[in-house]
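Heads up, the thing below is written out as structure tokens.
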Amino acid sequence: MSETPFRRDEPGNPRYLPIAEHGLIGDLQTVALVGSNGTIDWYCCPSFDAPSVFAAILDAERGGAFELAAAVPARTKQFYFPDTNVLITRFFTEDGVGEVQDFMPVTGEPAGSAEGDRHRLIRRVVCVRGAVPFRVRVAPRFNYGADPHTVSMRNGRALFESPELSLCLTSTVALESDGVDTRADFKLTEGESAVFALDRVGDAVAPRGCAHTEAEHEFAATVAYWRRWLHQSRYRGRWREMVHRSALTLKLLTYAPTGAIVAAPTTSLPEQIGGERNWDYRYVWVRDAAFCVYALLRLGFSGEAEAFMQFLTTHISVGDGGASGPLQIMYGIDGRTDLPERELPHLEGHQGSAPVRVGNAAADQLQLDIYGALIDSIYLYDKWAQPIPSDQWDDVCHLVDWVCDNWDQPDEGVWETRGGRKNFLYSRLMCWVAIERAIRLANRRGLPADLPRWRQSRDTIYRRIMDRGFSSARRAFVQYEDGDVLDASLLMMPLAKFIAPTDPKWLSTLDALTEDLVSDSLVYRYDPQASPDGVRGDEGTFSICSFWYVEAMVRAGRLEEARLAFEKMLTYANHLGLYAEEIGRTGEQQGNFPQAFTHFSLISAAFNLDRALG
């Protein structure tokens with residue numbers, strides 16, 4: 001463990017910023033969270049799932065951070081440079097206005113090359129009015145704060161060295177070091193700037209300066225990259241700014257070397273402050289990534305869908321799921337299947353919310369719904385992008401045959417409950433989707449398939465859901481067979497085209513869900529008291545469910561209600577248009593941040609609501 005704590009309890013400097021008080025930057029291999037106070041308090045290097053370098057968001061004293069802010073009292077505001085993932089944090093002081101421009105250049109160089117492995121993080125400070133004094137403190141804490149490190153000053157650069165990782169900080173202002181951290185105090189007047197660049201260095205990656213001219217070039221190139229990428233979007237609807245921010249966020253969660261898409265770039269941000277529902281989401285959930293493919297295809301980003309399909313064929317072997325089936329529910333960004341979960345007891349957790357976990361034991365769960373999500377995305381990719389190759393069709397047939405044999409098993413379900421397996425209705429629904437979409441694909445392309453068997457299994461699942469999934473007492477479809485607990489995942493029933501959105505059984509289900517699980521447009525997943533999930537504590541409303549609710553109402557023809565609910569949901573975004581996994585009782589963001597499935601469900605709801613409104 002690093003012996004020197006990184007203290008953040010000076011007057012006026014709270015130990016923890018709220019989760020929502022952050023923006024995201026990245027280089028398509030890793031990301032950094034930048035607080036509205038100018039502090040980077042989450043950064044893993046060199047990849048999403050690597051150990052952290054800065055993790056003050058999980059432990060204010062031991063986690064480490066990169067502070068850069070006005071050295072006098074200041075109001076701050078944050079925004080993204082238009083149509084990019086370049087983040088600007090502005091400081092309004094008594095004597096002037098300054099700003100920090102944070103970005104990570106997207107080099108396009110392959111992993112393994114010197115520039116592809118540099119992962120340069122640039123912080124450019126500019127005084128735009130008057131004069132502003134600034135203070136910087138760089139305090140890395142390697143390997144989640146567990147590894148010691150040294151600092152050596154060479155040619156005005158600070159070299160941070162730990163057993164597994166070395167970083168080099170270059171600066172256009174003079175740096176001072178105490179052997180563990182590096183600091184600088186400087187003052188800028190109108191038009192002046194300063195540059196800080198943090199690079200990963202090693203045998204193949206030499207330290208390199210970042211002068212003012214290079215920082216200007218890198219800024220322009222990064223802005224151009226993001227605008228060029230976003231220009232592919234076909235969305236021209238009412239909520240263009242929010243939809244495009246969600247698309248840019250999903251792009252930041254893609255891992256360019258393999259095409260993987262992570263569920264979120266953080267670990268252990270709590271679903272309830274002080275609670276234990278703290279999980280590591282820096283992996284590829286088959287379900288989440290498949291839904292992302294749908295959202296990006298909707299907007300016209302076929303390249304990301306193609307990259308994820310390549311990830312499936314190159315890094316995922318059908319049959320490597322072990323006892324849980326032919327697929328695991330999640331994989332590492334390189335396709336690895338071993339994701340052991342452990343706790344880090346030396347970190348106190350965000351606002352004291354222990355435990356901090358890395359790895360995820362849910363990788364061993366059986367979640368039957370993933371097959372429907374995946375095959376639906378393959379079907380849509382084949383329909384909207386390009387035909388899938390014969391080898392991939394062989395894999396689809398293998399998966400569908402397995403679903404035909406195993407759809408009626410109890411499983412842990414979409415919400416990854418740790419309270420024992422049940423016959424979850426959502427799992428049945430998505431098994432139906434898996435078979436139904438494969439039948440469609442086979443018919444459209446004339447591909448070989450055991451269609452009589454597939455149709456029989458599909459129809460059997462349909463009858464089973466209708467016979468044992470609908471509660472006459474509740475007048476609603478329910479969480480698991482022969483039960484009476486409601487579950488927001490069933491909002492997917494009309495979205496997946498299982499049931500007509502105006503079917504009386506569905507409309508009464510929608511009414512029951514509204515009465516039981518909806519609070520001012522916000523939707524809870526289920527009632528953990530009525531359906532124990534094996535984890536203590538409460539949770540907030542689930543934002544993906546809130547957007548599913550909007551879309552279900554759109555399809556039911558309740559457009560006024562749907563539009564109002566959607567507009568209300570937009571007010572719960574943070575100041576940059578970002579969402580975590582959940583929303584707390586007083587509107588605060590909870591859980592890992594930002595969350596991919598919140599943003600892809602926003603895109604889908606906006607697209608379908610916009611189309612319905614005409």
Side-chain angles (χ1 to χ4, degrees), residues 8 13-26 31-43 54-60 63 65 67 69 75-80 85 87-91 100 102 239 241-242 245-246 248-250 252-253 262-275 277-279 281-282 349-353 519-524 538-547 566-602:
R8 305 183 67 201
N13 185 8
R15 294 181 74 241
Y16 291 97
L17 280 180
I19 291 169
E21 288 295 313
H22 291 87
L24 190 73
I25 61 172
V31 297
L33 286 184
V34 185
S36 57
N37 60 358
T39 296
I40 294 176
D41 55 14
W42 179 253
Y43 175 57
F54 303 128
I57 198 168
L58 293 178
D59 192 306
E67 278 193 345
R75 294 180 297 109
T76 65
K77 291 189 177 179
Q78 230 175 16
F79 70 100
Y80 278 109
N85 281 316
L87 187 66
I88 313 293
T89 307
R90 310 199 90 201
F91 297 87
V100 177
D102 283 310
W239 297 284
E241 186 173 344
M242 288 298 293
R245 177 51 51 201
S246 290
L248 284 162
T249 302
L250 292 181
L252 276 179
L253 301 184
V262 298
T266 56
T267 181
S268 301
L269 294 183
E271 297 176 17
Q272 177 190 30
I273 299 298
R277 296 171 182 265
N278 316 319
W279 315 109
Y281 280 7
R282 299 172 297 159
H350 180 74
Q351 297 190 40
S353 304
S519 171
D520 186 43
S521 84
L522 301 176
V523 183
Y524 291 94
D538 295 321
E539 60 183 22
T541 56
F542 251 63
S543 293
I544 186 175
C545 300
S546 301
F547 286 119
F566 186 76
E567 294 287 1
K568 284 183 176 181
M569 269 302 295
L570 297 186
T571 70
Y572 289 103
N574 85 339
H575 57 291
L576 298 167
L578 303 181
Y579 290 87
E581 184 175 31
E582 303 180 19
I583 294 171
R585 189 171 297 277
T586 55
E588 69 277 11
Q589 303 275 356
Q590 296 178 170
N592 285 307
F593 176 87
Q595 184 81 13
F597 65 30
T598 303
H599 286 279
F600 67 62
S601 60
L602 182 155

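By convention here, the first residue in the shown sequence is residue 1.
Although no hydrogens or angles enter the test, the distance criterion places no donor-acceptor pair under 3.5 Å between the side chain of Gln595 and the main chain of Ala580. Under a 3.5 Å cut-off, the side chain of Gln589 and the backbone N or O of Ala20 do not form any donor-acceptor pair. Counting only distance, with no hydrogens or angles, the side chain of Thr541 and the backbone of Ile583 share a donor-acceptor pair below 3.5 Å. Between the His599 side chain and the Ala596 main chain, no donor and acceptor come within less than 3.5 Å of each other. Distance alone, capped at 3.5 Å, places no donor-acceptor pair between the Asn85 side chain and the Ile25 backbone. Looking at Asp41, its side chain never comes within 3.5 Å of a backbone N or O of Gly35 through a donor-acceptor pair. Of the possible polar contacts, none joining the Glu581 side chain to the Ala264 backbone as a donor-acceptor pair under 3.5 Å is found. Formation of a donor-acceptor pair under 3.5 Å by the Ser353 side chain with backbone atoms of Ile273 is not found in this model. A donor-acceptor pair under 3.5 Å is formed between the side chain of Trp42 and the backbone N or O of Pro265. Under a 3.5 Å cut-off, the side chain of Thr89 and the backbone N or O of Gly38 do not form any donor-acceptor pair.
Here the closest non-hydrogen pair linking Tyr524 and Gly540 is CD2-O, 3.8 Å. Annotation for Ser543 and Thr598: closest pair CB-CG2, 3.4 Å, computed over non-hydrogen atoms. Here the closest heavy-atom approach between residue Ser521 and residue Tyr572 is recorded as OG-CE1, 4.5 Å. Among all heavy-atom pairs drawn from Ser36 and Glu21, the shortest one is OG-OE1, 2.7 Å.
Remark: Ile19 CD1 to Gln590 CD distance equals 7.0 Å, nearest 0.5 Å. Between the CZ atom of Phe54 and the CD atom of Glu67 there is a distance of 11.0 Å, given to the nearest 0.5 Å. In this structure, CG in Leu602 is found 6.0 Å from CG in Leu570, a value given to the nearest 0.5 Å. Atoms CD1 and CD, from Ile88 and Gln78 in turn, are 9.5 Å apart once rounded to the nearest 0.5 Å. Note that OG1 of Thr39 is 12.0 Å distant from CG of Leu33, once rounded to the nearest 0.5 Å. Rounded to the nearest 0.5 Å, atoms CD1 (Ile40) and CG (Asn37) are 11.0 Å apart.
Phe593 pairs with exactly one of Ile57, Asn574, Leu24 by the side-chain contact (heavy atoms from CB on, under 4.5 Å) rule, that one being Asn574. Shown are Phe600, Phe597, Tyr579; of these, the ring pair (Phe, Tyr, Trp, His ring centres under 6.0 Å) with Phe547 is made only by Tyr579.
Atom CD of Glu241 has 12 or fewer heavy atoms from other residues, nucleotides or ligands within 6.0 Å. Atom NZ of Lys568 has more than 12 heavy atoms from other residues, nucleotides or ligands within 6.0 Å.
Using a 30° and 60° split on the angle between ring planes, His350 and Tyr16 fall in the perpendicular class, above 60°.
Contact annotation: the side chain of Leu522 approaches that of Met569 to within less than 4.5 Å [non-hydrogen atoms, C-beta and beyond]. Annotation: side chain of Leu253 is not in contact with side chain of Tyr281 (no heavy-atom distance under 4.5 Å).
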Run the side chain to side chain contact (heavy atoms under 4.5 Å, CB included) test on Arg282 and Thr267 for me, step by step, so that the C-alpha distance in whole Å, both residues' side-chain angles and the decisive distance to 0.1 Å come before the verdict. CA-CA 7 Å; Arg282 299 172 297 159; Thr267 181; 4.0 Å; yes

